[in-house]
Amino acid sequence: MATPNPLNRTLADGIRQVGFRKWYERELLSSHAHMALALFAVVALIASFEAFQGASANDKLINTVFVVVCATVSLWALRRYLYLLMHAEEMANQANCAQCQAYGMLQLQDAAPRQTTAPPKLLPVCCKRCGFRWNLEDN
């Protein structure tokens with residue numbers, strides 16, 4: 001799951017453009033859309049299995065293709081759902097200011113050098129309320 005989705009902003013871009021709370025909300029919405037896709041694909045998978053009964057040889061071949069496609073889509077969507085959900089929750093657990101206990105009131109520190117090494121990436125942030133500085137660890 002290392003390849004980023006162009007529809008989902010990175011954490012740094014999300015905080016910079018819409019703020020942490022909106023980024024978190026959109027990440028959760030995207031993850032739940034993937035869950036809905038997974039459920040839809042599982043229903044299609046079950047329907048494809050049902051179509052096997054009394055089908056001709058050509059129809060069984062087509063149904064086999066549908067089963068494989070539906071299983072692939074449902075597994076991909078389920079993995080994406082879990083990844084997005086866990087990533088959002090991991091970032092939300094780090095979004096409390098240790099000094100004033102404000103949640104999600106983050107601002108990126110532009111003066112800090114950007115870390116381009118291997119994961120985990122440290123994202124320097126500060127609290128909008130009290131100015132306390134810390135790093136979010138984005139895996």
Side-chain angles (χ1 to χ4, degrees):
M1 294 274 185
T3 59
N5 185 348
L7 300 176
N8 293 66
R9 292 184 172 127
T10 62
L11 179 60
D13 289 340
I15 292 173
R16 190 176 295 115
Q17 293 174 4
V18 295
F20 177 78
R21 289 182 182 189
K22 283 284 188 190
W23 172 85
Y24 177 69
E25 176 185 324
R26 290 176 183 180
E27 200 79 358
L28 288 180
L29 287 173
S30 179
S31 72
H32 285 84
H34 282 86
M35 180 188 64
L37 175 63
L39 289 174
F40 180 71
V42 166
V43 169
L45 179 71
I46 293 169
S48 295
F49 278 129
E50 277 292 316
F52 269 108
Q53 295 176 352
S56 66
N58 287 337
D59 289 341
K60 285 185 179 182
L61 181 62
I62 291 171
N63 286 337
T64 303
V65 171
F66 285 147
V67 165
V68 170
V69 167
C70 290
T72 304
V73 168
S74 63
L75 288 175
W76 173 82
L78 183 63
R79 285 179 49 106
R80 189 71 185 161
Y81 161 68
L82 291 172
Y83 170 76
L84 290 172
L85 184 66
M86 292 297 109
H87 182 249
E89 290 302 313
E90 183 180 351
M91 294 301 104
N93 288 336
Q94 300 177 47
N96 282 340
C97 176
Q99 190 168 358
C100 69
Q101 301 302 318
Y103 171 73
M105 297 184 69
L106 308 177
Q107 186 174 358
L108 285 179
Q109 297 179 24
D110 292 328
R114 297 197 186 272
Q115 184 178 11
T116 58
T117 60
K121 297 179 219 162
L122 297 178
L123 188 65
V125 295
C126 67
C127 179
K128 288 181 182 178
R129 184 183 290 169
C130 68
F132 181 74
R133 297 172 184 261
W134 75 97
N135 291 324
L136 294 180
E137 187 175 324
D138 188 10
N139 292 330

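From a predicted model like this one, the values you see are computed outputs, not experimental measurements.
A distance of 10.0 Å separates SG in Cys127 from CD in Gln101, rounded to the nearest 0.5 Å. A distance of 13.0 Å separates SG of Cys97 from NZ of Lys128, quoted to the nearest 0.5 Å. Note that CG of Leu85 and OG of Ser31 are 5.0 Å apart. Values are rounded to the nearest 0.5 Å. The CD1 atom of Ile15 lies 7.5 Å from the CH2 atom of Trp23; values are rounded to the nearest 0.5 Å.
Ala44 meets the side chain to side chain contact (heavy atoms under 4.5 Å, CB included) test with Cys70; sequence neighbours excluded. With sequence neighbours left out, Val43 forms a side chain to side chain contact (heavy atoms under 4.5 Å, CB included) with no residue at all. Listed by chain and number, the residues in a salt bridge (Lys or Arg N to Asp or Glu O under 4.0 Å) with Asp13 are Arg16 (sequence neighbours excluded). Residues forming a side chain to side chain contact (heavy atoms under 4.5 Å, CB included) with Asn96 (at least two apart in sequence, or on another chain): Tyr103. Contacts of Arg133 classified as side-chain hydrogen bond (donor to acceptor under 3.5 Å, both in side chains), with partners at least two apart in sequence or in another chain: Gln109. Taking the side chain to side chain contact (heavy atoms under 4.5 Å, CB included) definition, one finds that Val67 meets it with Leu45, Ser48, Phe49, Phe52, sequence neighbours left out. Under the rule for a ring pair (Phe, Tyr, Trp, His ring centres under 6.0 Å), the partners of Phe132 that lie at least two apart in sequence or sit in another chain are Trp134.
The side chain to side chain contact (heavy atoms under 4.5 Å, CB included) test with Leu29 singles out one residue from His32, Glu25, Glu27, and that residue is Glu25.
In this structure, the side chains of Arg80 and Leu37 stay at 4.5 Å or more apart for every pair of heavy atoms.
Hydrophobic clustering (side-chain heavy atoms under 4.5 Å, transitive across Ile, Leu, Val, Met, Phe, Trp, Tyr) keeps Val125 apart from Met105. Transitive grouping of hydrophobic side chains (ILVMFWY, heavy atoms separated by less than 4.5 Å) keeps Val68 and Val73 in distinct clusters. Hydrophobic clustering (side-chain heavy atoms under 4.5 Å, transitive across Ile, Leu, Val, Met, Phe, Trp, Tyr) keeps Leu75 apart from Leu82.
Applying the 4.5 Å side-chain rule to ILVMFWY residues, one finds Ile46 in the same cluster as Val42. Grouped with Phe66 in one hydrophobic cluster are Ile62, the linkage being side-chain heavy-atom contacts under 4.5 Å among Ile, Leu, Val, Met, Phe, Trp and Tyr residues.
Side-chain N or O atoms of Asn135 include none that pairs as donor or acceptor with a backbone N or O of Leu122 at under 3.5 Å.
Identified under the side-chain hydrogen bond (donor to acceptor under 3.5 Å, both in side chains) test for residues 84-94, with sequence neighbours left out: Tyr24-Glu89, His87-Asp138, Glu90-Asn139. Counting only residues at least two apart or in different chains, side-chain hydrogen bond (donor to acceptor under 3.5 Å, both in side chains) contacts with residues 50-61 comprise Ser56-Asp59.
Across all their heavy atoms, Leu123 and Ala12 have their closest contact at CD1-CB, 3.8 Å. What you find for Leu28 and Ala88 is that their closest heavy atoms are CD2-CB, 4.1 Å. Residues Ser74 and Ala71 approach most closely at OG-O, 2.9 Å, considering heavy atoms. Leu84 approaches Ser30 most closely through the heavy-atom pair CD1-OG, 3.5 Å.
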